[in-house]
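One structure is given below, encoded as C-alpha coordinates.
For reference, positions follow the sequence shown, starting with 1.
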Amino acid sequence: MGKCVFSLLIMMLLCPSLIATMVASSSINEKERQALIHSGWWANYRNISDHCHWNGISCNERGSVTAIDGTVLKIPPSKELRRIQNLNFTAFPSLVKLNLYGMDLTGTIPQQITTLTNLTVLDLSINHLHG
Ligand SMILES: *[C@@H]1O[C@H](CO)[C@@H](O)[C@H](O)[C@H]1NC(C)=O
Ligand SMILES: *[C@@H]1O[C@H](CO)[C@@H](O)[C@H](O)[C@H]1NC(C)=O
Ligand SMILES: *[C@@H]1O[C@H](CO)[C@@H](O)[C@H](O)[C@H]1NC(C)=O
(Lines give C-alpha, C1' and ligand atoms only; values in the text may rest on other atoms or scores of the structure.)
(Ligands and ions follow the chains in the order given, each with its own letter.)
Protein backbone atom coordinates (compact mmCIF):
# COMPACT_ATOMS: atom_id res chain seq x y z
CA MET A 1 0.00 0.00 0.00
CA GLY A 2 2.76 2.44 1.01
CA LYS A 3 4.60 1.48 -2.14
CA CYS A 4 1.52 2.24 -4.26
CA VAL A 5 1.02 5.66 -2.70
CA PHE A 6 4.70 6.36 -3.27
CA SER A 7 4.47 5.27 -6.93
CA LEU A 8 1.40 7.41 -7.39
CA LEU A 9 3.24 10.43 -5.98
CA ILE A 10 6.16 9.79 -8.35
CA MET A 11 3.73 9.48 -11.25
CA MET A 12 2.04 12.76 -10.33
CA LEU A 13 5.43 14.46 -10.17
CA LEU A 14 6.69 13.01 -13.44
CA CYS A 15 3.59 13.16 -15.59
CA PRO A 16 1.16 15.85 -14.47
CA SER A 17 -0.19 16.08 -18.03
CA LEU A 18 -1.15 12.40 -17.97
CA ILE A 19 -3.04 12.91 -14.72
CA ALA A 20 -4.69 16.02 -16.16
CA THR A 21 -5.76 14.06 -19.24
CA MET A 22 -7.18 11.27 -17.09
CA VAL A 23 -9.16 13.71 -14.96
CA ALA A 24 -10.37 15.68 -17.99
CA SER A 25 -11.51 12.60 -19.90
CA SER A 26 -13.33 11.13 -16.90
CA SER A 27 -15.31 14.35 -16.45
CA ILE A 28 -16.22 14.30 -20.17
CA ASN A 29 -17.33 10.70 -19.74
CA GLU A 30 -19.48 11.65 -16.76
CA LYS A 31 -21.11 14.45 -18.79
CA GLU A 32 -21.78 11.97 -21.58
CA ARG A 33 -23.35 9.57 -19.11
CA GLN A 34 -25.52 12.32 -17.63
CA ALA A 35 -26.63 13.43 -21.12
CA LEU A 36 -27.63 9.84 -22.01
CA ILE A 37 -29.55 9.44 -18.76
CA HIS A 38 -31.19 12.84 -19.22
CA SER A 39 -32.53 11.83 -22.66
CA GLY A 40 -34.64 9.13 -21.00
CA TRP A 41 -33.99 6.89 -24.01
CA TRP A 42 -31.86 4.41 -22.07
CA ALA A 43 -34.14 4.13 -19.05
CA ASN A 44 -33.90 0.32 -19.20
CA TYR A 45 -30.11 0.31 -18.80
CA ARG A 46 -29.60 2.16 -15.52
CA ASN A 47 -28.52 -1.03 -13.77
CA ILE A 48 -25.56 -1.38 -16.16
CA SER A 49 -23.09 1.09 -14.69
CA ASP A 50 -20.86 1.53 -17.77
CA HIS A 51 -22.89 3.46 -20.34
CA CYS A 52 -20.47 2.26 -23.03
CA HIS A 53 -22.24 -1.11 -22.67
CA TRP A 54 -25.71 0.28 -23.23
CA ASN A 55 -27.51 -0.74 -26.42
CA GLY A 56 -26.59 1.48 -29.35
CA ILE A 57 -23.62 3.16 -27.61
CA SER A 58 -20.01 2.77 -28.73
CA CYS A 59 -17.00 4.33 -27.02
CA ASN A 60 -13.35 4.82 -27.87
CA GLU A 61 -10.45 3.52 -25.75
CA ARG A 62 -10.75 6.60 -23.52
CA GLY A 63 -14.37 5.71 -22.75
CA SER A 64 -15.74 8.66 -24.70
CA VAL A 65 -18.87 8.06 -26.79
CA THR A 66 -18.13 7.78 -30.53
CA ALA A 67 -21.42 6.37 -31.83
CA ILE A 68 -25.06 6.64 -30.88
CA ASP A 69 -27.48 4.33 -32.63
CA GLY A 70 -30.99 5.08 -31.41
CA THR A 71 -32.59 2.69 -33.89
CA VAL A 72 -31.95 -0.29 -31.59
CA LEU A 73 -33.89 1.30 -28.71
CA LYS A 74 -37.51 0.66 -27.90
CA ILE A 75 -38.72 4.06 -26.76
CA PRO A 76 -42.32 4.22 -25.54
CA PRO A 77 -44.46 6.46 -27.77
CA SER A 78 -44.73 9.29 -25.25
CA LYS A 79 -44.61 12.85 -26.57
CA GLU A 80 -42.05 13.89 -23.95
CA LEU A 81 -39.64 11.10 -24.80
CA ARG A 82 -39.93 11.66 -28.55
CA ARG A 83 -38.34 15.10 -28.54
CA ILE A 84 -34.94 15.27 -30.25
CA GLN A 85 -34.00 18.03 -27.76
CA ASN A 86 -33.90 15.38 -25.03
CA LEU A 87 -30.42 14.45 -26.17
CA ASN A 88 -27.79 17.11 -25.45
CA PHE A 89 -25.52 16.72 -28.49
CA THR A 90 -22.83 19.08 -27.22
CA ALA A 91 -22.01 16.60 -24.44
CA PHE A 92 -20.41 14.20 -26.99
CA PRO A 93 -17.26 15.83 -28.40
CA SER A 94 -15.93 12.54 -29.83
CA LEU A 95 -19.11 11.57 -31.66
CA VAL A 96 -18.44 10.16 -35.15
CA LYS A 97 -21.74 8.42 -35.91
CA LEU A 98 -25.23 9.52 -34.97
CA ASN A 99 -28.10 7.43 -36.21
CA LEU A 100 -31.61 8.43 -35.13
CA TYR A 101 -33.28 6.91 -38.19
CA GLY A 102 -36.98 6.15 -37.89
CA MET A 103 -37.27 7.01 -34.18
CA ASP A 104 -40.43 9.08 -34.72
CA LEU A 105 -38.73 12.09 -33.14
CA THR A 106 -40.20 15.58 -33.15
CA GLY A 107 -38.74 19.06 -32.82
CA THR A 108 -36.09 21.21 -34.43
CA ILE A 109 -32.71 19.81 -35.43
CA PRO A 110 -30.43 21.28 -32.76
CA GLN A 111 -27.96 23.86 -34.05
CA GLN A 112 -25.38 22.40 -31.64
CA ILE A 113 -24.97 19.45 -33.98
CA THR A 114 -22.52 21.68 -35.91
CA THR A 115 -20.17 21.76 -32.89
CA LEU A 116 -19.46 18.04 -33.32
CA THR A 117 -16.32 18.35 -35.40
CA ASN A 118 -15.69 14.60 -35.74
CA LEU A 119 -19.21 13.72 -36.83
CA THR A 120 -19.10 12.00 -40.23
CA VAL A 121 -22.26 9.85 -40.29
CA LEU A 122 -25.55 11.53 -39.51
CA ASP A 123 -28.90 9.91 -40.20
CA LEU A 124 -31.98 11.75 -39.01
CA SER A 125 -34.34 10.47 -41.70
CA ILE A 126 -37.88 9.15 -41.14
CA ASN A 127 -38.62 11.52 -38.26
CA HIS A 128 -40.83 14.58 -37.88
CA LEU A 129 -38.00 17.07 -37.64
CA HIS A 130 -37.58 20.53 -39.08
CA GLY A 131 -34.90 23.21 -39.05
C1 LIG B 1 -31.27 -4.98 -15.17
O2 LIG B 1 -32.53 -5.09 -14.54
C3 LIG B 1 -33.48 -5.88 -15.22
C4 LIG B 1 -34.78 -5.86 -14.45
O5 LIG B 1 -34.91 -4.74 -13.65
C6 LIG B 1 -32.96 -7.28 -15.39
O7 LIG B 1 -33.89 -8.04 -16.12
C8 LIG B 1 -31.64 -7.27 -16.12
O9 LIG B 1 -31.12 -8.57 -16.21
C10 LIG B 1 -30.67 -6.36 -15.40
N11 LIG B 1 -29.43 -6.29 -16.18
C12 LIG B 1 -28.23 -6.43 -15.62
C13 LIG B 1 -27.07 -6.36 -16.55
O14 LIG B 1 -28.08 -6.59 -14.43
C1 LIG C 1 -25.01 20.01 -22.61
O2 LIG C 1 -23.71 19.51 -22.46
C3 LIG C 1 -22.72 20.53 -22.36
C4 LIG C 1 -21.36 19.85 -22.34
O5 LIG C 1 -21.28 18.85 -21.38
C6 LIG C 1 -22.99 21.36 -21.11
O7 LIG C 1 -22.03 22.38 -21.02
C8 LIG C 1 -24.39 21.95 -21.20
O9 LIG C 1 -24.69 22.64 -20.01
C10 LIG C 1 -25.42 20.86 -21.43
N11 LIG C 1 -26.72 21.48 -21.70
C12 LIG C 1 -27.84 21.07 -21.08
C13 LIG C 1 -29.10 21.76 -21.49
O14 LIG C 1 -27.83 20.19 -20.24
C1 LIG D 1 -11.43 13.47 -33.60
O2 LIG D 1 -10.82 12.56 -34.49
C3 LIG D 1 -9.39 12.64 -34.49
C4 LIG D 1 -8.89 11.71 -35.59
O5 LIG D 1 -9.45 10.42 -35.50
C6 LIG D 1 -8.87 12.24 -33.11
O7 LIG D 1 -7.47 12.31 -33.07
C8 LIG D 1 -9.46 13.19 -32.07
O9 LIG D 1 -9.08 12.77 -30.77
C10 LIG D 1 -10.99 13.19 -32.17
N11 LIG D 1 -11.53 14.21 -31.28
C12 LIG D 1 -12.20 13.90 -30.21
C13 LIG D 1 -12.71 15.04 -29.40
O14 LIG D 1 -12.43 12.75 -29.89
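Atoms CG and CD1, from Leu100 and Ile126 in turn, are 13.0 Å apart once rounded to the nearest 0.5 Å. Rounded to the nearest 0.5 Å, atoms CD1 (Ile109) and CD (Gln112) are 12.0 Å apart. The CE atom of Met103 sits 9.5 Å away from the CG atom of Leu81 when rounded to the nearest 0.5 Å. The distance from atom CG of Leu95 to atom OG of Ser58, rounded to the nearest 0.5 Å, is 10.0 Å. Rounding to the nearest 0.5 Å gives a distance of 4.0 Å between NE2 of His128 and CG of Asp104. If you take NZ on Lys79 and OG1 on Thr106, they are separated by 8.0 Å, rounding to the nearest 0.5 Å.
The heavy-atom pair separating Cys52 from Gly63 by the smallest distance is SG-O, 3.8 Å. When all heavy atoms of Asn29 and His51 are compared, the closest pair comes out as O-CE1, 3.5 Å. The two residues Ile37 and Trp54 make their nearest non-hydrogen contact at CG1-CH2, 3.7 Å. Nearest heavy atom pair, residue Ser64 against residue Glu32, reads OG-OE2, 2.8 Å. A pairwise comparison of heavy atoms in Arg33 and Ser49 identifies NH1-O, 2.5 Å as the closest pair.
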*For the pair Asn55 and Asn44, evaluate side-chain contact (heavy atoms from CB on, under 4.5 Å) and give the outcome as yes or no after the intermediate values.*
CA-CA 10 Å; Asn55 243 9; Asn44 296 334; over 6 Å; no
*For Asn86 and Glu80, run side-chain contact (heavy atoms from CB on, under 4.5 Å): C-alpha distance rounded to whole Å, both residues' side-chain angles, the deciding distance at 0.1 Å, then the answer.*
CA-CA 8 Å; Asn86 285 12; Glu80 275 66 45; 5.7 Å; no
*Going through the distances and angles, do Leu87 and Phe92 end up as a side-chain contact (heavy atoms from CB on, under 4.5 Å)?*
CA-CA 10 Å; Leu87 192 62; Phe92 307 99; 4.0 Å; yes
*Go through Asn99 and Leu124 one step at a time and tell me if the side-chain contact (heavy atoms from CB on, under 4.5 Å) criterion holds.*
CA-CA 6 Å; Asn99 183 2; Leu124 300 177; over 6 Å; no
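At least one side-chain heavy atom of Ile84 sits less than 4.5 Å from a side-chain heavy atom of Pro110. The shortest side-chain heavy-atom distance between Phe89 and Ile68 does not fall under the 4.5 Å cut-off. Side-chain contact between Thr66 and Lys97: absent, with no pair of heavy atoms (C-beta onward) separated by less than 4.5 Å.
Under the 4.5 Å side-chain heavy-atom criterion for ILVMFWY residues, no single connected hydrophobic cluster contains both Ile28 and Leu116. A continuous path of ILVMFWY side-chain contacts below 4.5 Å connects Ile48 to Trp41, so both sit in one hydrophobic cluster. Tracing side-chain contacts under 4.5 Å through hydrophobic residues (I, L, V, M, F, W, Y), one never reaches Leu36 starting from Val96; they form parts of separate clusters.
Formation of a donor-acceptor pair under 3.5 Å by the Arg83 side chain with backbone atoms of Ser39 is not found in this model.
Among the candidates Thr117, Leu122, Val121, Thr115, the single residue satisfying the side chain to side chain contact (heavy atoms under 4.5 Å, CB included) test with Leu119 is Leu122.
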